[in-house]
Undergrad: 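Let me begin by handing over the structure; questions about it come next.
Below, chains carry the letters A, B, ... as their sequence lines are ordered, and counting in each starts from 1.
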Amino acid sequence: MMSDGGIEDEEKWLAEGIAGLQHNAFYMHRALDSNNLRDALKYSAQMLSELRTSRLSPHKYYELYMRAFDELRKLEMFFKEETKRGCSVIDLYELVQHAGNILPRLYLLCTVGSVYIRSKEAPAKDVLKDLVEMCRGIQHPVRGLFLRSYLSQVSRDKLPDIGSEYEGDADTVMDAVEFVLQNFTEMNKLWVRMQHQGPVREKEKREKERSELRDLVGKNLHVLSQIEGVDLDLYRDTVLPRVLEQVVNCKDEIAQYYLMDCIIQVFPDEYHLQTLETLLGACPQLQPIVDIKTVLSQLMDRLSNYAASSAEVLPEFLQVEAFAKLSNAIGKVIEAQVDMPAFGSIGLYVSLLTFTLRVHPDRLDYVDQVLGACVKKLSGKAKLEDSKGTKQIVALLSAPLEKYNDIGIALKLSNYPRVMDHLDSATNKVMAVVIIQSIMKNNTCISTADKVEALFELIKGLIKDLDGAPADELDEEDFKEEQNSVARLIHMLHNDDPEEMLKIICIVRKHILSGGPKRLAFTVPPLIFSALKLVRRLQGQDGDLDGEEMSATPKKIFQLLHQTIEALLSVPAPELALRLYLQCAEAANDCDIEPVAYEFFTQAFILYEEEVADSKAQVTAIHLIIGTLQRMNVFGVENRDTLTHKATGYSAKLLKKPDQCRAVYACSHLFWVDDQDGIKDGERVLLCLKRALRIANAAQQMANVTRGSNGPVTLFVEILNKYLYFFEKGNAQVTTAAIQGLVELITTEMQSDAKTQDPSADAFFSSTLRYIQFQKQKGGAMGEKYEPIKV
Amino acid sequence: MASRRRMLLKVIILGDSGVGKTSLMNQYVNRKFSNQYKATIGADFLTKEVQFEDRLFTLQIWDTAGQERFQSLGVAFYRGADCCVLVYDVNVAKSFENLNNWREEFLIQASPSDPENFPFVVLGNKVDVDGGNSRVVSEKKAKAWCASKGNIPYFETSAKEGFNVEAAFQCIAKNALKNEPEEEMYLPDTIDVADGGGRQQRSTGCEC
Ligand SMILES: Nc1nc2c(ncn2[C@@H]2O[C@H](COP(=O)(O)OP(=O)(O)O)[C@@H](O)[C@H]2O)c(=O)[nH]1
Ligand SMILES: [Mg+2]
């Protein structure tokens, strides 16, 4: 082994080695240039002596080796020229064996051997056999491995492969294979032996060195794979069994892990498929600590890619029953390796699932079977906490979604939710969001109550607090994002059949009501709108028309809506609830169900009175109430009077004068609905407008007192516009005189203090005047109507 | 004297795994192609004699593993390269994006004396796939990149159909030949004609 010493020492030794090598190479070149064979051999042998060092790590040794290697190419050319000049290659082959040290001797022998084979004076197989035997002379692992890789390199293009110019008799491919296999076997032995040499305390360093050397061994497998004559039969009958025999028998976990990987990567997919049993059969024979899961994953990944490459290869997979074999092998490995970490076994299932989805996309039973095996592995254990493991589960569960782009498929897999149960709550949520995103991306419509039930069971992590979930750790932004995605999901649930749709709504309702106050504000509105959509579909049908068995009637749905909105009171979210009540009232109006519409309004007013305290919120709410009420036509006189009375009353009680004023003039519309048979109570309209004027006046005065300046003239202009509206609509109570008076009032107000004029009010007033002017000039009935007004 | 070294031209092929490095080499050297994918382990070369301006050269073409896990010994074989061939798959954007890494990695590790003028050749391989319909890197884009790196010659190839492979390697050989070899001028401390050795005693190996 390499003796102790730091990196610096090693650099020094390498530099010394290079210097020695260059020194001798210099004299070798002189000998080559003067065709002096004797000196050429002498100096090249001395040069190669540098490779006898034991002080370099494999990396550094490789540097030295490469320099010697380059020099040997020149020597090889020289040998070739020598043979052209009449020197017998057989003599050369003899001659180099006189070198004093065995290592230089063998390098020289391989170099001449290369020329020898090329000369075809002896069959390639004989020379190769001789060389590979001779190399046994070096038993030092590092030196032996490099020497043999030199042999492998120089013989690479001289194997008696079929179609090669060195092709021999009938068994020629076998000869080539035997040579490479033998070199491989010897190299692996050297490599494995390293592990057992030197003191125990240097184990780590030794393993690092071994790892650096591994490609020298693996290279042989690459060479085997490149031999033209290694067809499937030869591979199945000779190459694979012989390689596996060496792999299994060496009982070295580093070698086993690496060589299995090499086998999988260097030989073609078709061969693996046709020899799956043999390859998989070797797995349980490997040392127990070999990372078989990675090996198997790599195999499955490779086969999956192959399956994906072309549909033409799929029958091959079926023919060899690849799924059953892989699934079986995985089961055995997991069973045998009790200590395999969760992410390891789940990783295996991910690979198997990927394989299944690519090769057997039509076999949902296979997919479910893989998930089931995973559940079995996970059951009995507590929830997965380690991040690698959960990542794998997310990958496992995402794979079918990505493949089918249809959550309906996942919902058919009985083991899907069972796997999800093994996620910790945070990961469960991540997965639930992935599921929703998949639905949104593919615009999947979930159309049956059963599917909805299954889906909500899947995403329950988002729907409610799961046991033991640390609620305080929640990031506010994340929470909003999650709940918004649930809200979006609710819109994707649809069935054209009202009965089924109602069932869906009831199921969603059941689930979201269990979500606690924090979630309701997000989840109730989409549910309400979904139910209202259904109501709209049923609109026009009389509630009890279809008798008892019919449950999807507007009345029943309204009842459900009522109870659902009520849940918002626990949040509390009175403003939201109020809006939703108004939406329902409007829908009830359209269904022509007066008592229900009245009830919703009553609820809205109760909320307004008892829960809406903020003055700004009150303003918004009262305008919503007025707007909705204005559109209602279901109410009889009495009900309508009660509601409009309340609305005007609350309008006049708003906190700020301008708000009062605006709400009150808005109420004027409650008495004048511009429909064919809408209510038209001109008197009460005027009352509202006058009341608004009084409030505007009061506001004006208050402003004068507090700021000593003009108040909100804008209010007057706004009221003037209302006057004009009703005037045009034919409200006889609104007279030209009243309009004229108002115009003058505003003009005076505006002129009273020019300094504090509000430019926007000014502009508003000017354009209102321009409008009047315009109407006057228009002529016709309207022009006539406006005629008396002077501006 | 005709330096022996100048008869040997060393070429290194680099690029992501699967772009067709091995296939290009096999097509050029053996005129063979296989659809099967077989990963390469470590590095090794094939040689091919080329005639150039009435002289015969040996091209030593080094094929490499694109995957790091099959390159355990490092890249000492870059040393002394005369030309570096960068290969990408015109159907895989990532393999094109990685060319820069491969180029820089090569310049760092091989540390040629004049990195600015070190000859590279870029090959956009697999142009045959799907009649060119699955192509994602345009010829224009590839040429622009080559131009920005000091006018690297560019070829579009198909190892499968043998398209442009011969022409590409002709150019590779030509550029390798143009590369001025950085002959490490070694002069022994004392030119000891009688015995250039006398140093091998320093070696601390065992008796083998
Ligand atoms: N269609 C097509 N396939 C190619 C071409 N070159 C290589 N391949 C295929 O691509 C895969 C990888 O090729 P390979 O030469 O091993 O790539 P390397 O990893 O860069 O050495 C193999 O399956 C080849 O058959 C080409 O020009 N056209
Ligand atoms: Mg390759």
Side-chain angles (χ1 to χ4, degrees), chain A residues 3 16 19-20 22-27 29 32-33 42-43 46 49-55 58-59 62-63 65-67 70 73-74 77-78 101-103 137-140 143 152-153 156-157 211-216 218-219 221-223 225-226 228 261-262 265-270 306, chain B residues 1-5 7-8 10 17-18 22 26 29-30 32 34-48 58 60 63 65 67 69-80 184-189 191-193 195-208:
Chain A
S3 40
E16 279 177 17
Q22 286 177 326
H23 180 90
N24 286 300
F26 176 84
Y27 289 102
H29 293 162
L32 300 184
D33 291 340
K42 174 180 159 191
Y43 290 113
Q46 284 179 12
S49 288
E50 295 298 339
L51 292 176
R52 293 167 65 215
T53 179
S54 300
R55 295 199 286 201
H59 247 113
Y62 185 46
E63 280 187 41
Y65 164 89
M66 270 315 300
R67 286 175 184 260
D70 287 343
R73 300 282 63 69
K74 297 169 196 166
M77 256 180 246
F78 172 76
N101 285 308
I102 182 166
L103 188 70
I138 305 295
Q139 288 297 319
H140 180 278
R143 292 196 286 270
S152 161
Q153 177 65 72
R156 172 89 152 81
D157 54 356
S211 156
E212 289 175 9
L213 290 163
R214 65 185 182 209
D215 285 348
L216 298 180
K219 176 103 237 163
L221 300 180
H222 170 72
V223 173
S225 78
Q226 297 286 323
E228 208 38 46
D261 187 19
C262 285
Q265 299 305 327
V266 302
F267 292 107
D269 305 282
E270 300 89 309
Y306 180 53
Chain B
M1 80 197 159
S3 160
R4 266 169 236 285
R5 188 185 184 296
M7 296 173 68
L8 191 93
K10 183 170 179 179
S17 80
T22 307
N26 278 337
V29 177
N30 300 319
K32 278 181 190 152
S34 155
N35 269 316
Q36 298 171 333
Y37 180 57
K38 308 167 186 173
T40 304
I41 294 182
D44 71 342
F45 66 81
L46 288 180
T47 56
K48 169 131 173 157
T58 303
Q60 189 184 71
D63 179 28
Q67 308 171 55
R69 76 176 195 278
F70 293 135
Q71 200 68 268
S72 68
L73 266 176
V75 292
F77 62 90
Y78 285 2
R79 208 185 133 266
E184 284 177 57
M185 272 310 291
Y186 178 80
L187 288 173
D189 316 339
I191 301 199
D192 182 354
V193 189
D195 185 5
R199 299 176 54 117
Q200 75 270 38
Q201 302 307 325
R202 207 199 68 256
S203 214
T204 56
C206 67
E207 280 317 300
C208 68

Undergrad: Applying side chain to side chain contact (heavy atoms under 4.5 Å, CB included), run through B:Phe45 and A:Gln153 and close with a yes or a no.
TA: CA-CA 8 Å; B:Phe45 66 81; A:Gln153 177 65 72; 3.6 Å; yes

Undergrad: Identify the two heavy atoms, one from A:Tyr62 and one from B:Gly74, that lie closest to each other, and give their separation to 0.1 Å.
TA: CE2-O, 3.8 Å

Undergrad: Give me the atom names and distance for the closest heavy-atom approach of B:Phe70 to A:Asp261.
TA: CZ-OD2, 3.8 Å

Undergrad: Which distance, rounded to the nearest 0.5 Å, do you find between the NZ of B:Lys32 and the CD of A:Glu228?
TA: 4.0 Å

Undergrad: Distance-only, no hydrogens or angles: does the A:Lys219 side chain make a donor-acceptor pair with backbone N or O of B:Ile41 under 3.5 Å?
TA: yes

Undergrad: Which is it for A:Arg73 and B:Lys10 under the side chain to side chain contact (heavy atoms under 4.5 Å, CB included) test, yes or no, and what are the steps along the way?
TA: CA-CA 11 Å; A:Arg73 300 282 63 69; B:Lys10 183 170 179 179; over 6 Å; no

Undergrad: For the backbone of B:Leu46 and the side chain of A:Asp157, can you confirm whether one donor and one acceptor N or O come within less than 3.5 Å of each other?
TA: no

Undergrad: What residue, out of B:Thr22, B:Asn35, B:Val29, B:Thr40, has the most heavy-atom pairs lying under 4.5 Å from chain A?
TA: B:Thr40

Undergrad: Measuring heavy-atom distances to chain B, does A:Arg214 have an atom under 4.5 Å in its side chain, in its backbone, in both, or in neither?
TA: both

Undergrad: Is the side chain of A:Arg67 donor-acceptor paired with the backbone N or O of B:Arg79 at a distance under 3.5 Å, no angle test?
TA: no

Undergrad: Go through the structure and list residues passing side-chain hydrogen bond (donor to acceptor under 3.5 Å, both in side chains) with B:Asn26, not counting sequence neighbours.
TA: A:Gln226

Undergrad: Counting only non-hydrogen atoms closer than 4.5 Å, does A:Leu221 touch chain B with its backbone (N, CA, C, O), its side chain (CB onward), both, or neither?
TA: neither

Undergrad: Of all residues at least two apart in sequence or in a different chain, which pass the side-chain hydrogen bond (donor to acceptor under 3.5 Å, both in side chains) check with A:Glu63?
TA: none

Undergrad: Taking all non-hydrogen atoms of both residues into account, name the closest pair between A:Ser211 and B:Ser72 and its distance.
TA: O-CB, 3.4 Å

